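Because the structure is a prediction, the values reported are computed rather than measured. Labels below follow one simple rule: chain letters A, B, ... track the order of the sequence lines, proteins then strands, and each chain is numbered from 1.
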Amino acid sequence: MRHTDSIEKLIAGRLARHLPLDETHLAGLLETPPSPEIGDYGLPCYALSKYLHKAPNDIAEDLRGKVELPEGVREAKADGPYLNFFLDRPAVTASVLKLIHGLGSAYGSDDVGAGKTIVIDFGSPNVAKDLGVHHLPSAVIGRALYRVYEKLGYRCAGINFPGDWGTSFGSLIAAVERYDVPDPDALTVSDLQELYVRYTRDAAAQPELLQTARDAFARLEQGESRATALWQAFRQIGLEEFDQVYGMLGVTFDHVNAESSYREQIDGMVRRLLDQGVAIESAGALIVPLDDENLPPCMVRKSDGTSLYMSRDIPAAEHRWEQFRFEKCLYVTGSEQSLHFKQLKAVLKRMGYEWADRIEHVNFGLIRMRDPETGKTRVGSTRRGEMVLLKDLLQEAVSRARAKIEESSGRFGQDADLDDLAAQVGIGAVVFSELSTRRTRDVIFDWDSMLDFEGDTGPYVQYAHARLSSILRKAEQEVVDDVDFALLTLPEEWVLARHLAGFPAAVRRAAAESEPSVIATYLLELCADFSSYYSAGMRDPDRRVLCPADDLRAARLLLVDAARHVIRGGLELLGVAAPERM
RNA sequence: GCGCCCGUAGCUCAGGCGGAUAGAGCGGCGGUUUCCUAAACCGCAGGUCGCAGGUUCAAGUCCUGCCGGGCGUACCA
């Protein structure tokens, strides 16, 4: 499954016979030259100078004469200070394409995760607030990591941990009471949002309202019936909204454990912290001093006796450990929560939990809005009405995709479901756009760049997939792996085959770095290779996949089929649809 | 003040382990459609890789210090 990796090892092994360095070290030195004409692997000989006391150029030349080539390697050439190796292309191509043909969608899979569980906390929005574009990253990054780990053989537990407890619910309860809202059950999420905004604004002028809100939350925590009834109504409204929006994205969870479900565990947790001497009282509140970790103190209970985020996250983490004995527990939330998770780990560590080290904060940058007047960017404020609703973004994406489809409606049959296709492409564009850059960067929200269908975008990858599908459809023949690989002589074919071999490595790296963009970048490169190859066949029928010569066509079909498997598999990992026509 | 993240072409971004002329996309200019789907392809223009030191045969990549932007820094989540 790691074919080219093993060739690397073989080469390193042969080199080791003539050098005072071991195989592993040499394998690390091997690199890929800038272009395939220069070679498929290259060894820079500079580093060897100090061992051999010779000029790099002489070392390269000398080694070229001595080294015995392993199977799969055709030639070694000295190129200045580099010793370059050329692979036996038909042999390598055969091995890669046969592997993909045999494995199909399982290509790229691994079993390193067998028997291990990864817990992924993602989505996790606050109930009673609209789902804005800033909720997109957690949902799609979390889902992608889920699928990547699953591909590597791990068992995954996707957990949505909605924020349905806390002082903001006190604000809502206080708002309903203050403004005398007639029928709280009939409110929509947007109404709740508006209430919250109004209340917060009023509180800016009348600070005593903040206290009223905190008191209302205290009533809720004490189980007062009116506060509880209101909270239940808010919660219900919010959860229904989530189902709708996550449904549009196709994001699902294995478990929904809201913050409120841990409220019973808070007192016990606090007591243990006190008994263990981990927490102390300070200004009426309970804190865990974290001087040794060089962190600010961590508050676990407020001075009015109510709980806060941390009070619920600690029992939630304990529960997850009890339930899953996870290999890792990933929290996919914004970078602004970095300190929170450092503190969470530190507190759990102090409680004696070795597994605290298995917690990983998969952070991502903020989505910032550009002020049309000043041109400056800032975090979108709900209060100023700058927040773009995720629902609106997705709807706009679908309608733009639909318009684009109309331009080439001749491609589709009468029974084609163009609405469904528009959803696949439009939402695919949004999801891919979110996943195509490294997650820690802040992004400036822009309708047009998020909804672009050309260039390095999701639809570009989908389009390549549709073209591949089209070729295979038109071929009207079975794809077999019993072909003459020596016929695949075009440079583009070699580039494509070699790139296909790199998919498993991309999957592994995406997991190691918790970085779905590795997959997205890989797909864009692969599709660029394919698109060039495909376009070369535009003018020249002999370069087409569906060329006149039977044996050549069969070989090319196998290559094309493999590319389609990989692209589809990669899109699947990202949570992007792979339509057969578009 | 302290901590973390970011600073690569006009714009948006790639650039695992330091290595051969720093790569894409968008935008600009110029080409390609009797079509294996032009949501594509090819070419041209465009970069002191924030600045200054350091380590190294070799630095966008590692180290230090600055500068600029962002986020966080006890009763929000």
Side-chain angles (χ1 to χ4, degrees), chain A residues 27-29 31 33-35 38 42 44 46-47 49-50 56 79-82 84 124 126 163 165-168 171 214 259 282-287 294-299 301-304 306 308-310 312-313 333-340 342 363 365-366 368 377-379 401 404-405 407-408 410-411 425 429 436-438 440-444 446 448-449 452-457 459-460 462-464 466-475 505 509 512-513 517-518 520-521 524-525 527-528 531-539 541 543-547 556 560 581-582:
Chain A
L29 247 38
E31 57 185 48
S35 87
I38 298 174
Y46 306 96
S49 286
K50 68 178 160 197
D79 186 353
Y82 290 89
N84 293 325
S124 305
N126 292 324
W165 204 247
T167 311
S168 56
S171 298
R214 282 194 286 264
E259 279 189 49
S282 168
L286 283 183
I287 63 161
N294 209 10
L295 292 170
C298 173
M299 184 176 291
R301 195 168 71 191
K302 296 188 278 184
S303 54
D304 65 0
T306 58
L308 66 172
Y309 192 27
M310 188 62 81
R312 288 157 240 142
D313 240 356
T333 74
S335 298
E336 70 277 10
Q337 295 190 34
S338 295
L339 177 58
H340 171 81
K342 278 184 195 160
N363 64 325
L366 265 61
R368 304 171 62 75
T377 66
R378 61 185 177 200
V379 175
K404 179 77 187 169
I405 289 166
E407 290 172 19
S408 51
R411 285 177 193 165
V425 174
S436 61
T437 63
R438 299 198 79 88
T440 50
R441 298 185 84 102
D442 286 356
V443 298
I444 297 161
D446 176 61
D448 291 333
S449 69
D452 201 356
F453 299 155
E454 288 167 20
D456 284 349
T457 65
Y460 173 78
Q462 291 176 318
Y463 186 66
R467 281 173 144 185
L468 285 159
S469 303
S470 174
I471 293 172
L472 290 159
R473 206 164 42 232
K474 293 198 170 169
R509 195 153 76 88
E513 297 175 18
S517 70
V518 170
T521 305
L524 288 172
E525 287 171 356
C527 290
S531 295
S532 294
Y533 175 50
Y534 181 91
S535 298
M538 288 297 209
R539 294 293 290 251
R543 292 167 77 93
R544 284 183 201 152
V545 175
L546 302 180
C547 57
R556 286 178 175 170
V560 156
R581 299 173 204 255
M582 65 183 279

Counting only side-chain nitrogens and oxygens, does [X] get under 4.0 Å of the OP1 or OP2 atom of [N]?
X: Y46(A); N: C57(B); answer: no
X: K50(A); N: U56(B); answer: no
X: S335(A); N: C4(B); answer: no
X: S532(A); N: C42(B); answer: yes
X: Y460(A); N: C41(B); answer: yes
X: R556(A); N: C36(B); answer: no
X: R312(A); N: A77(B); answer: yes
X: R214(A); N: C76(B); answer: yes
X: R438(A); N: C5(B); answer: no
X: S470(A); N: U37(B); answer: yes

Base, sugar-phosphate or nothing for [X]? Non-hydrogen atoms, less than 4.0 Å.
X: L295(A); answer: nothing
X: A512(A); answer: nothing
X: S449(A); answer: nothing

Ignoring hydrogens and angles, answer whether the base of [N] and the side-chain atoms of [X] contain a donor-acceptor pair closer than 3.5 Å.
X: D313(A); N: A77(B); result: no
X: R467(A); N: U37(B); result: no
X: S408(A); N: A39(B); result: no

Mate of [N] where both pairing distances stay under 3.5 Å, Watson-Crick or G-U:
N: C26(B); answer: G10(B)
N: G3(B); answer: C71(B)
N: U56(B); answer: none

Give me the distance, rounded to whole Å, that separates [N] from [M] when you measure between the [atom1] atoms they each carry.
N: U21(B); M: U33(B); atom1: P; answer: 37 Å
N: C42(B); M: G23(B); atom1: P; answer: 16 Å
N: C63(B); M: C5(B); atom1: P; answer: 11 Å
N: U8(B); M: A14(B); atom1: P; answer: 10 Å
N: C2(B); M: C66(B); atom1: P; answer: 9 Å
N: G31(B); M: U48(B); atom1: P; answer: 29 Å
N: G30(B); M: G16(B); atom1: P; answer: 36 Å

Minimum heavy-atom distance between E259(A) and G163(A), given as atom pair plus value: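 Closest approach of E259(A) to G163(A): OE2-CA, 3.2 Å.
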
Closest contact, heavy atoms only, R467(A) versus M538(A):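 Closest approach of R467(A) to M538(A): NH2-CE, 4.0 Å.
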
Short question: side chain of [X], backbone of [Y] - any donor-acceptor pair under 3.5 Å?
X: D442(A); Y: L366(A); value: yes
X: S532(A); Y: A528(A); value: yes
X: S338(A); Y: S335(A); value: yes
X: R556(A); Y: R544(A); value: yes

Min side-chain heavy-atom separation T306(A)-R214(A) under 4.5 Å: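 T306(A) does not reach R214(A) side chain to side chain.
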
Y534(A)-A40(B) aromatic stacking (under 5.5 Å, under 30°):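 One would not call Y534(A) stacked on the A40(B) base.
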
Contact nearer the 5' end of RNA chain B, comparing K404(A) with T306(A):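 Upstream on the strand: K404(A).
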
First encountered from the 5' end of RNA chain B, between F453(A) and L308(A):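 In this pair, the answer is F453(A).
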
Nucleotide [N], atom [atom2] - distance to [atom1] of [X] in whole Å:
X: N363(A); N: C6(B); atom1: CG; atom2: P; value: 9 Å
X: Q337(A); N: C71(B); atom1: CD; atom2: C1'; value: 12 Å
X: L468(A); N: U37(B); atom1: CG; atom2: P; value: 11 Å
X: M538(A); N: U34(B); atom1: CE; atom2: P; value: 10 Å

